[in-house]
Amino acid sequence: MENSRLSTATLEHFRAVLEEQRAELLQQRANHEVSLAEVRVARDGESDDEHDPEGPTIASEWSRLTGLQEEAARQLTVLDKALARVDDGSFGICARCGKPIGRARLDARPAAELCIDCARLAEKR
Ligand SMILES: [Zn+2]
């Protein structure tokens with residue numbers, strides 16, 4: 001089974017990729033925070049006029065941004081778990097069947113927990 005383990009160099013490569021993605025996400029999240037703060041100000045400044053044309057726009061922008069924030073938080077969790085797997089040596093091993101995850105799949109989705117076969121099975125359910 002030892003041959004299913006990724007080399008240290010490969011693990012370090014993916015650690016760097018994952019950390020880069022994580023840094024990008026944190027940056028995105030910070031940007032969304034700024035936008036949310038602006039929307040909050042705009043919303044608080046809204047007049048009581050029910051026909052305020054800005055109303056629905058602010059509401060939809062708010063839900064769009066909070067949706068993005070939730071998605072970023074989800075992805076951060078996934079990346080953190082992947083980084084933990086790099087640390088404990090289980091990175092690159094399918095969490096379901098224990099077989100190695102193909103390199104092409106890891107290159108495309110470094111945070112993947114499942115091999116392509118298990119991922120397909122999981123999607124069917
Ligand atoms: Zn699998």
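Order of listing sets the numbers, starting from 1, for every ligand and every atom in it.
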Legend entry - same_hphob_cluster(Ile116, Leu114) at 4.5 Å side-chain heavy-atom cutoff: no
Legend entry - Thr66-Ser63 side chain donor-acceptor pair, cut-off 3.5 Å: no
Legend entry - Row check, Trp62 ring normal vs Arg43 NZ/CZ: under 6.0 Å, within 45°: yes
Legend entry - 2.8 Å cut-off (strict), protein N, O or S atoms about the Zn ion (ligand 1): 4
Inset, instruction - Answer yes or no: is there a side-chain heavy-atom contact under 4.5 Å between Ile101 and Ile93? - result: no
Inset, instruction - Please check if any side-chain donor atom of Glu71 sits under 3.5 Å from a side-chain acceptor atom of Gln75, or the reverse. - result: yes
Inset, instruction - Evaluate the side chain to side chain contact (heavy atoms under 4.5 Å, CB included) criterion for residues Asp107 and Val17: first the C-alpha distance (whole Å), next the side-chain angles of each, then the deciding distance (0.1 Å), finally the verdict. - result: CA-CA 9 Å; Asp107 280 331; Val17 170; over 6 Å; no
